[in-house]
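Okay, so here's the structure we're looking at.
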Amino acid sequence: MPDRALADSLVGQAQATAQKLPADVAGLAAEVPVIGGDSPPSREELLAVEPDFVYSPTTYEFTAEQGFASIEQLADAGVAAYTATGGCFDRRMVGTVDDLFIDLDNLGAIFHVEKEANDLISSSQAELATVDTAIEGQDRPRVAQVFVEGTTLTAIGAGIEYDILQRAGADNVFSPDDPAFADFFAAEITPESLAAEAPDALVFAVTDSAQEAAVRSYLAATFPDMPAVRDGRLIAVPSTDLFPGTLGNVSAVRLIAEELYPDAVFD
């Protein structure tokens, strides 16, 4: 269980209205002020709660041009900022699920909860090992990860999202070697280009059931002959599980693997 004393020291939770918290922490965060709504908090909102430490999945949440508090501005206010290893500037394009363990180790040291952090690392690594064992020797299906907003279609081809699919046993349709992902982990694509790839499964991130239903409807209407659609292999993953530096990364690996390999045994 999360540390109660640390939970009591939380002065704000950001982007918390985008998706419900997991049941094991929802109660702990019930009284923590929500700042920023679906988006990262503005500079003023964040500084108003007077934090000592700010944790963020990526460097985007510290972009001054977007109106957010930059790392430098936070430092000037005496606030320490931490970006998840897989979401920091140097690793956003090459981050892996294992980067989470660096963050847990660091956070355990920062907050003097080394044992709890080590327990989380051990249990998470065991969960990944379970997936490895379950899918060992299986033929890997060709899988594309996409993001659908209205009728705009974006493919994911690098970063931790790419590694999550790899760890789940996918043969990624899009990869960091593709020119489209040379500078950014996502790229807008045409429906025709995705249809030409004929993936066996599609993975997509969602924030709630309404968005999931809308995406499934779009994919079914746009790609009726695609193997992924024809065979019903449309895999919805909570969007927060794909953020770098979250335990949800491990959950996403297992969720996708179980969908890709329904006959495998996950002990």
Side-chain angles (χ1 to χ4, degrees), residues 86 92-99 127-149 151-206 211-239 241-244 248-266:
R92 186 63 184 97
M93 292 289 291
V94 295
T96 68
V97 175
D98 287 344
D99 287 339
E127 183 84 342
L128 292 172
T130 294
V131 173
D132 291 341
T133 300
I135 67 176
E136 185 177 4
Q138 303 264 20
D139 292 333
R140 297 170 72 93
R142 296 183 70 251
V143 183
Q145 183 179 342
V146 296
F147 178 76
V148 178
E149 186 171 17
T151 57
T152 300
L153 188 63
T154 301
I156 313 297
I160 192 166
E161 295 87 346
Y162 172 84
D163 189 59
I164 286 173
L165 261 65
Q166 288 281 99
R167 296 296 296 262
D171 178 9
N172 296 51
V173 169
F174 303 107
S175 79
D177 295 330
D178 299 334
F181 307 104
D183 299 316
F184 196 60
F185 69 95
E188 188 174 334
I189 59 173
T190 64
E192 292 77 14
S193 64
L194 180 61
E197 294 289 349
D200 300 310
L202 289 173
V203 170
F204 56 95
V206 297
Q211 184 186 20
E212 179 178 347
V215 173
R216 288 186 182 277
S217 177
Y218 167 82
L219 295 174
T222 308
F223 307 105
D225 299 321
M226 182 182 290
V229 174
R230 187 184 63 225
D231 299 336
R233 303 181 86 179
L234 305 179
I235 305 171
V237 180
S239 60
D241 284 355
L242 301 176
F243 290 170
N249 297 164
V250 178
S251 300
V253 169
R254 176 150 185 164
L255 184 157
I256 295 168
E258 289 177 340
E259 292 287 339
L260 294 179
Y261 300 95
D263 296 326
V265 178
F266 295 84

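Sequence positions, counted from 1, serve as the residue numbers for this chain. Keep in mind that the numbers below use all heavy atoms, side chains included, and drop hydrogens, waters and symmetry copies. Because the structure is predicted, anything quoted here is derived from the model rather than measured.
Closest non-hydrogen pair, Pro238 versus Leu255, comes out as CD-CD1, 4.3 Å. Looking at every heavy atom in both residues, Val131 comes nearest to Arg167 through CG1-O, 3.7 Å. In this structure, Tyr162 and Gly157 approach most closely via the heavy-atom pair CD1-O, 3.9 Å. Closest of all the heavy-atom pairs between Ala134 and Ala264 is O-CB, 3.5 Å. For the pair Phe204 and Arg216, the tightest heavy-atom approach, listed with the atom from each and the gap, is CZ-CG, 3.8 Å. Summarising the geometry of Ile164 relative to Asp241, their closest heavy-atom pair is CD1-O, 4.2 Å, with the distance given to 0.1 Å.
A salt bridge links Arg92 with Glu161: the closest approach of a Lys/Arg side-chain nitrogen to an acidic carboxylate oxygen falls below 4.0 angstrom.
Judged by distance alone, the side chain of Arg140 and the main-chain N or O of Ile135 form no donor-acceptor pair under 3.5 Å. With hydrogens and angles ignored, the 3.5 Å screen pairs no side-chain donor or acceptor of Arg230 with any backbone N or O of Pro224. Counting only distance, with no hydrogens or angles, the side chain of Tyr261 and the backbone of Gly169 share a donor-acceptor pair below 3.5 Å. Proximity of a side-chain donor or acceptor of Thr222 to a complementary backbone N or O of Tyr218 within less than 3.5 Å is detected. The closest donor-acceptor contact from the side chain of Asp231 to the backbone of Ala228 lies at 3.5 Å or more, if one exists at all.
Contact of the Leu260 side chain with the Ile235 side chain is registered, since non-hydrogen atoms from C-beta on lie closer than 4.5 Å. Looking at Leu128 and Val97, their side chains come closer than 4.5 Å, going by heavy atoms from C-beta outward. By the 4.5 Å heavy-atom criterion applied to side chains, Arg233 and Glu259 are not counted as neighbours. The shortest side-chain heavy-atom distance between Val173 and Val143 does not fall under the 4.5 Å cut-off. Within the 4.5 Å cutoff, side-chain heavy atoms of Leu242 are placed close to those of Gln145. Taking the side chain as every heavy atom from C-beta outward, Asn172 and Gln166 approach each other to under 4.5 Å. The shortest side-chain heavy-atom distance between Leu194 and Met226 falls under the 4.5 Å cut-off.
Separating the OG1 atom in Thr154 from the CZ atom in Phe174 is a distance of 10.5 Å, to the nearest 0.5 Å. Going from atom CG of Leu234 over to atom OG of Ser217 covers 11.0 Å, rounded to the nearest 0.5 Å. The line from CG of Asp163 to CG of Asp98 is 7.0 Å long, rounded to the nearest 0.5 Å.
Around the CD atom of Gln138, the shell of radius 6.0 Å holds more than 12 heavy atoms that belong to other residues, nucleotides or ligands.
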What do the steps show when you test Val203 against Val146 for side-chain contact (heavy atoms from CB on, under 4.5 Å), and what is the final call? CA-CA 6 Å; Val203 170; Val146 296; over 6 Å; no

Only pairs under 3.5 Å count here: list side-chain donor-acceptor contacts from residues 181-191, not counting sequence neighbours, and write none if there are none.
unit_1: Thr190; atom_1: OG1; unit_2: Ser193; atom_2: N; d: 3.1
unit_1: Thr190; atom_1: OG1; unit_2: Ser193; atom_2: OG; d: 3.3

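Applying the salt bridge (Lys or Arg N to Asp or Glu O under 4.0 Å) rule to Arg142 yields the partners Glu197; only residues at least two apart in sequence or on another chain are considered.
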